[in-house]
Every structure is written in structure tokens, then in C-alpha cells.
Amino acid sequence: MPNNNISLKDGSHIAIVGGGPSGCFFANFALRQARLRGIKVNVTIFEGRDFTRADHQACNMSVGVLAERLMEKLDWQGITIPQRCIQAEIQGYQFFTQDDYMTLEHPVPGHRPRIVSVFRGGGPVHSHMKEDVSFDHFLLRFVEGQGAQVIKGGVKDIVLPGHPEGKVTLIFGKGEELEADLVVGAFGANTPTGDIFTKMNFGYVPPKTLKTCIVDARLGRDFIKEHYRDNIYVFAFGTDEVEFASFTPKGDYLTIGLVGKRNISTPELRGFLNHPVVKKALPQGTEVLKDCCVCFPRIPVGPAHQPYWDRLVVVGDAGISRSYKNGIESAFMTAYLATNTVFERGLSREALKGGYYQPAIKLIARDNFYGRLVFKAFSLIASQRQILSERLYYAYAHREKWIADRLNAALWNLVTGDAAYKEVFKELFHPRLQFALLPVTLEGLVRQILGIRKKRNL
Ligand SMILES: Cc1cc2nc3c(=O)[nH]c(=O)nc-3n(C[C@H](O)[C@H](O)[C@H](O)COP(=O)(O)OP(=O)(O)OC[C@H]3O[C@@H](n4cnc5c(N)ncnc54)[C@H](O)[C@@H]3O)c2cc1C
């Protein structure tokens with residue numbers, strides 16, 4: 001039975017551990033909900049990073065693409081990203097396999113999607129930005145403006161109360177303490193804070209993670225504009241080392257992102273940069289590594305176990321997040337579900353299970369199952385180069401409208417994250433599409449067996 005005695009009241013205190021996107025979104029929703037209900041809640045965000053600095057410690061390392069669905073959600077919340085934080089307005093996507101490339105278009109003809117790229121910290125290492133470019137710093141200042149209090153510095157320990165009516169104690173700074181009615185874990189996947197939550201013994205286990213790689217290479221604004229024309233390049237080679245890679249223009253910088261089936265480290269990065277297709281798209285090759293900002297952040301590849309308890313909820317990357325895509329949108333969605341739950345149902349573990357955990361698992365984690373299927377199948381097909389080539393050529397070069405449109409929509413939705421993985425799965429494995437592609441699949445198989453290679457640009 002839900003414990004109705006534990007709920008937010010006038011004067012309640014919410015402590016948020018982490019001032020990245022999920023922490024800021026939670027603060028924003030909570031302050032709005034409180035205003036709507038005519039009560040005052042105190043919201044304190046603890047954040048260990050100074051996002052204005054240009055170094056790794058100041059950055060929530062990510063490629064920094066804000067997709068259209070997220071931009072719409074930010075609009076809805078009245079969160080307008082200042083122009084100084086926007087590094088590029090993305091025009092479209094180029095999709096590269098080992099043998100072909102194609103331009104992906106928005107499935108709705110004529111629609112120009114609003115997709116932007118941002119820096120999460122104060123810019124790449126050694127950059128000297130004239131303005132405060134950090135997206136995360138902007139979000140933190142935004143919620144401060146809404147009434148949240150920000151405490152600089154890390155939370156060191158958390159003590160649960162002996163009974164559900166008691167408060168949670170957070171220990172920070174030089175042993176200072178804060179008592180909270182609700183603690184929100186928004187600490188991401190790249191700090192050891194998960195251990196603090198695990199040590200509390202309520203059952204929390206952080207999500208499994210994989211090491212990825214991000215390189216910010218300073219190639220100069222003119223070079224980037226001329227070569228990439230504000231397009232994101234996506235590489236899907238179907239190799240064991242790199243599942244997907246991307247080039248994202250960001251002002252003077254090109255951000256190279258790599259996600260693998262296993263942890264990525266320097267040899268995989270070098271191998272990717274030396275691939276002939278990549279060398280064509282980035283003539284500097286491994287030279288870009290000479291004077292660049294490189295990091296190997298972790299990405300969650302599954303949900304956390306038990307990300308809730310009485311007076312405690314874990315959101316964003318540390319809780320439940322979409323695999324490989326739209327992490328910031330997941331941060332938004334989990335923060336939204338969790339805030340609605342604590343205001344509408346209360347702070348008990350039963351309320352958080354029914355109102356937050358179960359819907360978030362249904363919305364995000366179950367869909368990740370289809371994501372894994374899509375990536376596995378794509379990887380398998382992409383590794384059979386002739387088969388993939390024949391299929392793409394048939395669909396695009398012959399401009400068989402229904403097939404080309406379907407394939408374009410599926411790939412667009414896959415690279416932008418505009419649709420659920422389940423939808424992408426249904427689009428890619430539509431029986432009519434697969435049936436139409438059967439003859440060319442067989443032709444590709446024969447070519448592959450005979451070692452006959454055809455190369456075409458689509
Ligand atoms: C290679 C790569 C590329 C990505 N590209 C994209 C992309 O293009 N678009 C996209 O939407 N998402 C992308 N993501 C995912 C995205 O970065 C995350 O999903 C998102 O940042 C999660 O937000 P969060 O607030 O949950 O966690 P984080 O952004 O990690 O924020 C957690 C915050 O908590 C703070 N913190 C941790 N412990 C403590 C403590 N004890 N006390 C105080 N503060 C603490 C940290 O300093 C940090 O600021 C990418 C991720 C990777 C790895």
C-alpha cells in the first residue's frame with residue numbers, strides 16, 4: 001500500500017545530486033508544479049563541475065546534438081537556448097557504409113527539422129571561447145532563475161532515514177549536512193556517485209556502461225563549412241570495433257564520436273581514422289589527434305536496477321536512458337515522469353514504482369530491446385558489403401519510390417532518434433520491403449561469394 005504520509009508539502013526540500021540535464025529538468029518541472037499548486041518547495045542542486053571552464057573536468061562529455069523532438073520539448077517548457085551556445089544548425093545527414101553513401105532527408109517532404117549542435121562544457125581543451133558557450137551551464141543558470149539554489153561541489157554521502165517519515169541527510173563540502181524530503185539522483189554515468197547510492201542498500205545498481213570516444217578536432221570554421229556544409233556524417237561499417245561513428249560540425253571544431261560493441265580505446269579510434277572512407281571524408285586522418293580534445297566517456301547500455309525508494313528517485317543516465325541516442329531527451333522524459341509522480345502520488349517507493357519506474361521502463365528500456373535488434377541486424381547486413389551495396393543501390397538508384405522512401409525514413413529515424421526503435425524496426429523489416437529486396441540480396445550474396453565488388457555512389 002502506498003504510504004500517503006510522505007508527500008511534498010509547503011516548505012518541503014528537494015535535493016538534486018547532479019546539475020546536468022536530468023537534474024536541471026527535474027528542478028524546472030518541480031518548481032513549475034509547486035507554483036501550479038500554490039506551494040513553495042525549496043530545490044537545491046549540487047553540482048561538482050564548473051561548466052564554464054574548457055577542460056574535461058568541466059564537461060558532461062557528449063557529441064552534443066539536440067534533436068528536433070528535444071528542441072520541441074524545450075520550446076514547450078519555455079527554454080530557449082541562446083544563440084551563443086549554438087555551434088551549428090544542422091542541415092541534414094550523410095550516411096556512409098564501407099562502399100556507398102547517401103543523403104538522408106526528413107521523411108516529410110519539404111520539412112526542415114531544427115537540429116543543433118552544442119558544447120556541454122566551456123569548449124574543448126585549449127579552446128578560448130569569447131563567450132559562455134556551455135549548454136549545461138545555460139540550463140543550470142536557467143533553473144537558478146526559476147528559483148533553484150545551486151551549491152557548487154559534490155555530495156559525498158547520503159543517509160536514509162530510519163523510518164519513512166524521517167528525512168534524508170546529504171553530506172557535502174567539509175562535512176556540512178542538508179536534510180531533504182526528497183533526494184533526486186541525477187549524477188549520470190561518468191562519476192563514482194553510483195557507489196554512494198549502491199552503498200545505501202536499498203537495491204540500486206547503476207546501469208551497465210560501455211566506453212565510447214569523443215574527439216573535438218580544431219579544423220577551422222571555413223574548412224568545416226566548406227566540407228561538411230553543416231551536415232552530420234554517420235558511418236555504419238558493421239565492424240566489430242565500431243558500431244556507429246559520426247562527424248558533427250561545431251563552429252571551429254568537428255566532433256568525432258565513436259560507439260562500439262565493446263569499450264573503445266585509442267587503437268579503435270586510430271583504426272577508424274585510417275579507414276579509406278573516413279580518410280576521404282577527413283583528409284587529415286590521424287593528424288587530427290595531434291592537437292585535439294579526446295575523451296572516453298561511458299554510455300549506459302541498460303537501465304539501473306531499482307532506481308527508486310522512499311524519498312529517493314534516480315533519473316537520466318544514472319536511471320533509465322535510451323541506448324545510443326537522444327540521452328538528453330531521456331533525461332527530460334525521466335525527470336518529467338518522476339516529477340509528476342512525486343507531486344501527484346507522493347514520495348513512497350510504491351508511488352515511484354507505479355508512477356515513474358514502470359512507465360519509464362515501458363517507454364525507454366523496452367524500446368531499447370528493439371534498438372539492440374536493429375543495431376545487430378544492421379551490423380550483420382553492413383558486414384556483408386556486397387549485399388548491403390546491392391540493396392541500397394536497388395532502393396536508391398532505381399528510385400523505386402515506396403522502397404526508397406521507406407528506407408530513407410527508417411535510416412533518418414535511426415540516426416536522428418526521431419522515432420522509437422520499435423518503429424524503426426517495423427520500417428526496416430516491413431515484409432513488402434524485405435520481399436522486394438530479396439532478389440538483389442541474392443545477387444549480392446553471389447557477388448560476395450565470387451568476390452566481385454561493385455562500388456557506386458548513391
Ligand atoms: C559518446 C557520447 C555521445 C553522446 N551524444 C549525445 C547527443 O548527441 N545528444 C544527446 O542528447 N545525448 C548524447 N549523449 C548522451 C548524453 O550525454 C547523456 O544522456 C546526458 O548527458 C545525461 O544527462 P544526465 O543529467 O543524466 O547526466 P550527466 O550529463 O552525466 O550529468 C550528471 C551531472 O551530475 C554531476 N554529479 C555527479 N556526481 C555528483 C555528486 N556526487 N555531487 C554533485 N554533482 C554530481 C556531474 O558533475 C554531472 O554534471 C552522448 C553520450 C556519449 C557518451
Side-chain angles (χ1 to χ4, degrees), residues 15-27 44-51 56-71 73-74 90 115-121 134-137 139-140 150-158 170-173 183-197 206-207 209-215 232 234 243-246 248 250 255-260 264 295-301 304 307 314-335 364 415-417:
I16 304 177
V17 185
S22 57
C24 288
F25 291 141
F26 193 100
T44 303
I45 302 179
F46 291 90
E47 176 49 60
R49 294 192 162 126
D50 172 0
F51 299 127
H56 289 143
Q57 267 67 45
C59 181
N60 282 332
M61 301 150 287
S62 120
V63 165
V65 176
L66 309 185
E68 189 176 28
R69 285 199 327 195
L70 175 67
M71 297 297 279
K73 290 185 172 78
L74 296 180
I90 301 304
I115 304 169
V116 302
S117 62
V118 296
F119 286 118
R120 303 288 302 274
S134 165
F135 171 71
D136 289 35
H137 192 237
L139 278 184
L140 204 53
V150 178
I151 295 186
K152 272 190 184 174
V155 168
K156 295 185 174 144
D157 208 356
I158 302 171
L170 292 97
I171 297 145
F172 63 100
V183 170
V184 180
F187 47 84
N190 282 288
T191 63
T193 304
D195 295 344
I196 300 178
F197 281 69
T209 58
L210 267 183
K211 237 193 225 175
T212 64
C213 176
I214 300 173
V215 179
I232 293 180
V234 176
E243 184 115 51
F244 269 98
S246 61
T248 302
K250 280 193 206 162
T255 298
I256 303 165
L258 268 66
V259 179
I264 300 265
C295 61
F296 296 93
R298 293 197 164 268
I299 203 164
V301 288
V314 183
V315 294
D317 271 12
I320 301 163
S321 190
R322 191 169 195 216
S323 294
Y324 302 131
K325 281 272 135 215
N326 313 65
I328 301 174
E329 195 190 356
S330 298
F332 185 102
M333 289 312 299
T334 51
I364 301 171
V415 299
T416 58

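Only heavy atoms go into these numbers, but all of them, side chains included; no hydrogens, no water, no symmetry mates. Ligands are counted one by one from 1 in listed order, and the atoms in each one are counted from 1 as well. Note that the coordinates shown come from a computational prediction; the quantities given were computed from them, not determined experimentally.
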Contacting atoms of ligand 1, where contact means under 4.0 angstrom from a heavy atom of [X]:
X    : value
F187 : 32 (C), 34 (O), 37 (C), 38 (N)
G153 : 43 (C)
N326 : 11 (O)
F51  : 49 (O)
I214 : 1 (C), 2 (C)

Looking at ligand 1, does any of its N/O atoms fall within less than 3.5 Å of an N/O of [X]?
X    : value
E329 : no
T212 : no
I328 : yes
E47  : yes

Test of understanding: given a 4.0 Å heavy-atom threshold, classify the contact between Y324 and ligand 1 as side chain, backbone, both, or neither.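 Under 4.0 Å from ligand 1, Y324 contributes no heavy atoms.
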Please state which part of A186 comes within less than 4.0 Å of ligand 1, counting heavy atoms only: side chain, backbone, both or neither.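 Near ligand 1, A186 shows its backbone, while the atoms from C-beta on stay back.
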Best match, R120, R298, K156: closest heavy atom to atom 29 (O) of ligand 1: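 Going through R120, R298, K156 one by one, R120 has the nearest heavy atom to atom 29 (O) of ligand 1.
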Selected option - heavy-atom contact closest to atom 23 (O) of ligand 1, from P21, G316, S321: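 Selected option, by shortest heavy-atom distance: P21.
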What class does the angle between the rings of F197 and F187 fall in, given that below 30° is parallel, 30 to 60° is tilted and above 60° is perpendicular?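 Rings of F197 and F187: tilted, 30 to 60°.
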Around atom 4 (C) of ligand 1, find the nearest protein heavy atom and jot down its residue, atom name and distance.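 Protein heavy atom at minimum distance: V63 N, 3.4 Å.
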So which protein heavy atom does atom 38 (N) of ligand 1 come closest to, and at what separation?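 For atom 38 (N) of ligand 1, the nearest protein heavy atom comes out as T193 OG1, 2.6 Å.
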Are E329 and R322 ion-paired here, with the side-chain N under 4.0 Å from a carboxylate O?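 No, E329 and R322 are not salt-bridged.
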Mark the output for A318 as yes if a heavy-atom distance to ligand 1 is under 4.0 Å, and as no if none is.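 Heavy atoms of A318 never come under 4.0 Å of ligand 1.
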